[in-house]
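Let me begin by presenting the structure, written as structure tokens, before commenting on it.
Worth saying up front: this structure is predicted, and the values here are computed from it rather than measured.
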2 protein chains.
Amino acid sequence: MDAAVALLDERGERGLTFRLLAKQLNTGPGALYWHVTNKDELVTLAADQVLGRAFAAAPRLEKGAIAGLRALAIAVFDVLDRHPWAASHVTAPATLPNALRLLDRIGTLVARTGLPAERQFAVTTAISYYITGVSAQIIAPRITVGATTSRDAYLTQTAERWEKLDPADYPFLTRTTTDLRDHDDRDQYTTGLDLLLDGLNTATDPRPPA
Amino acid sequence: MDAAVALLDERGERGLTFRLLAKQLNTGPGALYWHVTNKDELVTLAADQVLGRAFAAAPRLEKGAIAGLRALAIAVFDVLDRHPWAASHVTAPATLPNALRLLDRIGTLVARTGLPAERQFAVTTAISYYITGVSAQIIAPRITVGATTSRDAYLTQTAERWEKLDPADYPFLTRTTTDLRDHDDRDQYTTGLDLLLDGLNTATDPRPPA
DNA sequence: ACCTGAACACCGTTCAAGT
DNA sequence: ACCTGAACACCGTTCAAGT
């Protein structure tokens with residue numbers, strides 16, 4: 001598994017080959033099929049192992065439940081950021097060990113907010129989906145883009161394309177090109193996360209709405 | 001492009017082959033490379049075309065900005081729900097025509113909430129990431145799972161696995177198996193969406209926090 | 001400008017045979 | 001129980017040649 005992760009880090013998903021991995025482990029390609037059903041399973045298992053490293057970064061006890069959720073979410077993002085190939089393979093209806101651990105931790109923290117029991121499952125999965133789904137959206141494109149052009153060059157290039165659009169058709173984008181050029185990916189992740197957690201905070205807030 | 005979408009709907013991403021698509025169009029596989037750089041681009045273009053169909057479903061004018069965002073988000077989910085292969089290919093740093101249109105519509109609606117201009121870009125992309133990322137998380141697994149087992153069988157099976165976990169290690173999951181079995185995918189999507197939009201509502205609310 | 005189709009390089013996967 | 005490695009079936013992609 002470690003060898004698979006190393007190969008994926010170096011050469012990406014397409015670069016991981018049964019022949020190559022087998023050679024690295026000093027066996028034949030057929031041997032791997034004794035341990036794994038197919039390549040999909042191999043990559044999925046490797047991604048789950050990478051996910052597991054997030055728990056080392058996220059402290060087990062936090063002051064508040066919301067702060068704990070935030071720390072956990074950021075730990076997952078950072079780990080996937082270092083292994084872009086894994087981002088699109090960490091999926092939610094958790095079956096794999098570390099995906100299960102993640103879901104349970106989120107659920108435990110959500111329960112601690114005092115949210116009514118009947119809403120806890122839906123909110124827990126929603127947060128879990130946000131963490132893995134939005135991380136994947138932000139990180140996965142780097143596989144395609146990062147290979148050819150630098151991030152800066154890419155942003156400048158798309159900003160120029162946005163400027164050339166017709167303001168009548170794209171009123172928002174044409175006036176937002178500087179924000180695009182200067183934005184930070186991690187901020188985008190935390191912006192949505194905080195919006196979501198604010199919503200959760202309001203939902204658990206005993207103060208009645210206006 | 002229509003032929004490609006049809007093939008993807010029928011046989012999935014792996015089932016779409018240059019030879020097969022070429023035969024369907026009465027040419028050779030090499031001919032396709034005149035129109036498209038490689039398979040990745042072909043699938044990405046097909047996914048963007050599918051995304052475009054969401055605009056037909058989402059009414060252009062809504063009462064409120066938040067309601068408009070909600071309607072748009074649900075329209076995208078529903079379209080991807082009908083074309084699961086496309087879900088993981090609709091990515092955000094928008095270059096393709098319909099992805100651009102989506103981002104602009106979100107931005108225009110966000111601007112209408114009265115959110116300060118300097119926060120509009122971050123919030124717009126956050127919502128865009130939620131829509132495409134979380135949809136992908138919920139819908140994409142069906143490709144792998146749906147092929148072999150029914151949704152009900154799959155849920156019952158994972159619920160049983162959760163029940164067998166050690167409650168000391170997984171306190172939340174072990175007491176949440178019935179929610180798993182009875183949940184609705186679309187509800188999970190809207191739960192997080194509403195949380196996020198509630199957070200946005202609070203952020204634009206003139207009433208000061210307690 | 002666009003199509004043809006044979007050919008190349010390479011893969012995932014299988015399986016009879018081994019230890 | 002686990003490994004070996006040749007072989008199968010099939011791809012994406014290229015390219016010289018055509019129209």
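- When rounded to the nearest whole Å, the span between CZ of A:R14 and C1' of D:dC11 equals 11 Å.
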Next on the checklist: Reading 5' to 3' and counting Watson-Crick or G-U wobble pairs with both distances under 3.5 Å, write the dot-bracket notation for DNA chain D, | for bases paired outside the strand.
Outcome noted: ||.|||||...|||||.||

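- Looking at the side chain of B:T17, the nearest of the listed nucleotides C:dG5, D:dC11, C:dT13 is D:dC11.
- Atom NZ in A:K39 sits roughly 15 Å away from atom C1' in D:dC10 (whole-Å rounding).
- Across B:R186, B:R142, B:R53, a single residue satisfies salt bridge (Lys or Arg N to Asp or Glu O under 4.0 Å) together with B:D81, and that is B:R142.
- Here, D:dA17 and C:dC2 have their P atoms 22 Å apart, quoted to the whole Å.
- Rounded to whole angstrom, the span from the OH atom of A:Y33 across to the C1' atom of D:dC3 amounts to 15 Å.
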Item to check | ring pair (Phe, Tyr, Trp, His ring centres under 6.0 Å) evaluation trace for A:Y189 with B:Y129 | outcome: CA-CA 9 Å; A:Y189 179 72; B:Y129 283 137; 9.3 Å; no

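- Each of D:dT13, C:dC2, D:dC3 was ranked by its minimum atom distance to the side chain of B:W34; first place goes to C:dC2.
- Here B:H35 does not reach the OP1 or OP2 of C:dA1: none of its side-chain N or O atoms lies under 4.0 Å away.
- For the side chain to side chain contact (heavy atoms under 4.5 Å, CB included) criterion with A:F121, the lone passing option out of B:D179, B:T177, B:L173 is B:D179.
- Separating the CG atom of B:L42 from the P atom of D:dC11 is a distance of 15 Å, rounded to the nearest angstrom.
- With rounding to the nearest 0.5 angstrom, the CD1 atom of B:I139 is 10.5 Å from the OG atom of B:S88.
- The cationic atom of B:R105 (NZ for Lys, CZ for Arg) does not lie both less than 6.0 Å from the six-membered ring centre of A:F172 and within 45° of the ring axis.
- For B:N38 and D:dC11, the CG to P distance is 17 Å, given to the nearest whole Å.
- Evaluated for a side chain to side chain contact (heavy atoms under 4.5 Å, CB included) with A:I131, the options A:I106, A:I74, A:L196 yield exactly one hit, A:I106.
- With C:dG12, D:dT13, C:dC3 as the candidates, the nucleotide lying closest to the side chain of B:A31 is C:dC3.
- When heavy atoms are screened at a 4.0 angstrom cut-off, B:L32 is found touching no nucleic acid atom at all.
- Residue A:R19 contributes atom CZ, which lies 11 Å from atom P of C:dT13 at whole-angstrom precision.
- Counting to the nearest Å, the C1' atom of D:dA9 and the CG atom of B:L20 are 15 Å from each other.
- The two residues A:P141 and A:A136 make their nearest non-hydrogen contact at CD-O, 3.8 Å.
- With rounding to whole Å, B:L21 atom CG is found 13 Å from D:dG12 atom C1'.
- The phosphate of D:dC3 (OP1 or OP2) has no side-chain N or O of A:T27 nearer than 4.0 angstrom.
- Residue order along DNA chain D, read from the 5' end via each residue's closest nucleotide, puts A:G30 first among B:F18 and A:G30.
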